[in-house]
Amino acid sequence: MLKLRSLALAILALALLGTAGYAYRNPAFAATCEAACVKGSAWVQQHAATAGSAFQKSKAYASCKDGLSESASWRQSLSQKLAAPLARTKQMLSSASAPTDAQHRPQTSALTAGQRIANGHAFAKHGHASGFATQAQMADQIDHIIHSASPSNVKHLLRGRTAYWDERTGMVVIVDPNAVDGGTSFKPDRGRRYFEALR
Amino acid sequence: MQLLTKQDDAFSLRFTREEVAVLCNALNEALEALDDWETEPRMGCTKEEAQRLLDELCRIDLS
């Protein structure tokens, strides 16, 4: 079926092309074609109104009109039915996006470097050995070391890490923004020698 | 790391900046973690030898 249609279209296109080509080469034929077209268009214009009124009187036109009006009323009733569930869904979505108590808790980024380190593994592993009774004490000491360190006691390491050395307590603090705990802190047995070898 | 040449007991190696840093840190942590008596059995060298190697590596300017 598709092949037949393609063949017919190809024949029609070739015929039109041939006619156009012949009209281009032969002015007399072109004039005949033009006259035929003018006559044809006048006939179409003359009968268009009659054909339109005849179509409006036909059963097909009435059926289309009924279908369109039914569709409009169906759309209206559907939107009325969906209005209530839609409003409920919107309300649920807005309450879900509202901040909860958990979201009001301090975020990790709001903690100081000392708090992040002391709240991580460092306190359990090194806290008591370093002389701290609580995580808060350790956090305060780490923050103090970070803020009071002289330039000679600060080393910028690879991958954004920073090491601090505290001569008074013998503590090293390594701040690592890539680590889950934000770094670590402890008292190395080899003291400053350990700090100096950090890279 | 890339092995460039090997002659008897001598090797020529090429390290990136980060690789040298990792070697330094690994030696530093090993020296920190191991007790004196256990360093030689576990590392195959004394603490002093490991420290000397670390000092040599630390002389490389990584900046």
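A, B, ... follow the sequence lines: proteins, then strands. Residue 1 opens every chain. Any value given below was found using the heavy atoms of this structure, including those in side chains, with hydrogens, waters and symmetry copies removed.
To the nearest 0.5 Å, atoms CG (A/Asp189) and CG (B/Leu34) are separated by 11.0 Å.
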- Task: Before giving the answer on side chain to side chain contact (heavy atoms under 4.5 Å, CB included), spell out for A/Arg193 and B/Asp55 the whole-Å C-alpha distance, their side-chain angles and the decisive distance to 0.1 Å.
- Result: CA-CA 10 Å; A/Arg193 205 167 195 183; B/Asp55 292 342; 3.7 Å; yes
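No chain of hydrophobic side-chain contacts below 4.5 Å, direct or via other Ile, Leu, Val, Met, Phe, Trp or Tyr residues, connects B/Trp37 to B/Leu31. By the rule that hydrophobic residues join a cluster once side-chain heavy atoms approach within less than 4.5 Å of another member, A/Phe186 and A/Met171 end up as members of separate clusters. No path of Ile, Leu, Val, Met, Phe, Trp and Tyr side chains, each step under 4.5 Å between heavy atoms, connects A/Ile174 with A/Val154, placing them in separate hydrophobic clusters. The hydrophobic cluster containing A/Phe123 does not contain A/Leu111, counting ILVMFWY residues as joined when their side-chain heavy atoms lie under 4.5 angstrom apart, directly or transitively. B/Phe11 and B/Leu57 fall within the same hydrophobic cluster, where Ile, Leu, Val, Met, Phe, Trp and Tyr residues are linked whenever their side-chain heavy atoms come under 4.5 Å apart, directly or through other members.
Within 6.0 Å of the CZ atom in B/Arg42, the count of heavy atoms belonging to other residues, nucleotides or ligands does not exceed 12.
For chain A, no part of B/Leu27 is nearby; none of its heavy atoms comes within less than 4.5 Å. Contacts of A/Leu198 with chain B are made by both backbone and side-chain atoms, with heavy-atom separations under 4.5 Å. At a 4.5 Å heavy-atom cutoff, the contact between B/Gln51 and chain A is made by side-chain atoms alone.
Listed for the A/Arg190 side chain is a donor-acceptor partner under 3.5 Å among the backbone atoms of B/Asn28.
Heavy atoms only, all atoms of each residue included: A/Ala197 and B/Asn25 are closest at O-OD1, 3.9 Å.
Here the side chains of A/Arg199 and B/Val20 are not in contact, with every heavy-atom distance at 4.5 Å or above.
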